[in-house]
Amino acid sequence: MAKEHQRKENNPHLLVTKGAGHKNPRHALFTFITTFLLLAGLAVLIVWLIYRPHKPRFTVVGAAVYDLNTTSPPFISTSMQFTIFTRNPNRRVSIMYDKLTAYVSYRNQAITPPLLLPPLYQKKKSTVVMSPVLVGAGVPVSVEVSDGLVMDEAYGVVALRVVLLGRLRWKAGGIKTGRYGVYVKCDIVVGLKKGFVGPVPLLGSPQCKVDI
């Protein structure tokens with residue numbers, strides 16, 4: 001026994017080899033957490049690539065003006081209706097809209113109060129038609145807006161902006177995302193003469209800009 005003990009003391013490599021078989025618990029835990037996070041991140045990336053949602057598309061395809069009274073400045077009265085197509089381009093994801101409101105602005109100033117629209121659920125690869133009637137009685141506006149509308153009506157061309165504000169969620173199967181703010185701006189130009197009532201031609205109707 002004494003000789004064996006002496007050999008161990010004279011050969012330190014035996015001690016190192018004996019301790020090499022024991023694993024550090026902290027190192028093992030760190031390795032496990034790192035591997036788990038990498039696998040979880042990879043799974044999220046794969047799901048995102050498969051289900052990544054695209055923004056909805058909005059287009060104004062029709063307009064009608066029933067009232068646009070600028071004879072009592074600084075107040076105007078308005079009654080307009082717009083036909084709006086909203087398209088969900090996603091093949092695997094549906095869209096749920098919450099608290100969606102609409103109003104009309106002219107020269108960056110609202111000429112109708114916000115109108116709360118019904119909740120909207122849009123299926124995958126589907127198109128929904130909305131036709132809100134936006135009415136404002138005695139809406140206060142600036143002199144620039146009042147005079148500008150009078151001049152544009154005399155010319156027969158009026159540039160308007162239809163705005164939709166709200167929140168949306170994407171839904172894939174039983175999974176729903178959190179709510180995201182949505183801001184839709186539809187800049188249109190209509191042919192409108194003073195005193196005309198009814199459907200008006202759209203002289204310019206590009207696809208609306210959608211910010212999420």
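FYI, the numbering just counts along the sequence from 1.
Taking the side chain to side chain contact (heavy atoms under 4.5 Å, CB included) definition, one finds that Ser79 meets it with Tyr66, Asp67, Val133, Val135, sequence neighbours left out. Legend: residues meeting side chain to side chain contact (heavy atoms under 4.5 Å, CB included) with Ala102, ordered by chain and number and at least two apart, are Leu117, Leu134, Leu164. Under the side chain to side chain contact (heavy atoms under 4.5 Å, CB included) criterion, Val128 pairs with Thr86, Leu120, Gln122, not counting sequence neighbours. Applying the side chain to side chain contact (heavy atoms under 4.5 Å, CB included) test to Ser131 and every residue at least two apart in sequence or in another chain returns Gln81, Thr83, Val129. Remark: Thr177 engages no residue in a side-chain hydrogen bond (donor to acceptor under 3.5 Å, both in side chains) (not counting sequence neighbours).
Within the structure, every pair that satisfies the disulfide (SG to SG under 2.5 Å) test and touches residues 150-212, not counting sequence neighbours, is listed here: Cys186-Cys208. Residue pairs meeting the ring-ring contact (aromatic ring centres under 6.0 Å, His included) criterion with at least one partner in residues 160-204, sequence neighbours excluded, are Trp170-Tyr180. Sequence neighbours left out, not one pair with a member in residues 65-117 passes disulfide (SG to SG under 2.5 Å). Residue pairs meeting the side chain to side chain donor-acceptor pair (under 3.5 Å) criterion with at least one member in residues 184-194, sequence neighbours excluded, are Arg161-Asp187. Counting only residues at least two apart or on different chains, no disulfide (SG to SG under 2.5 Å) pair has a member in residues 69-145. Pairs of residues two or more places apart, or lying in two chains, that qualify as side chain to side chain donor-acceptor pair (under 3.5 Å) and include a residue from residues 133-148 are Gln109-Ser142. Evaluation of the disulfide (SG to SG under 2.5 Å) test over residues 69-121, restricted to residues two or more places apart or in two chains, returns none.
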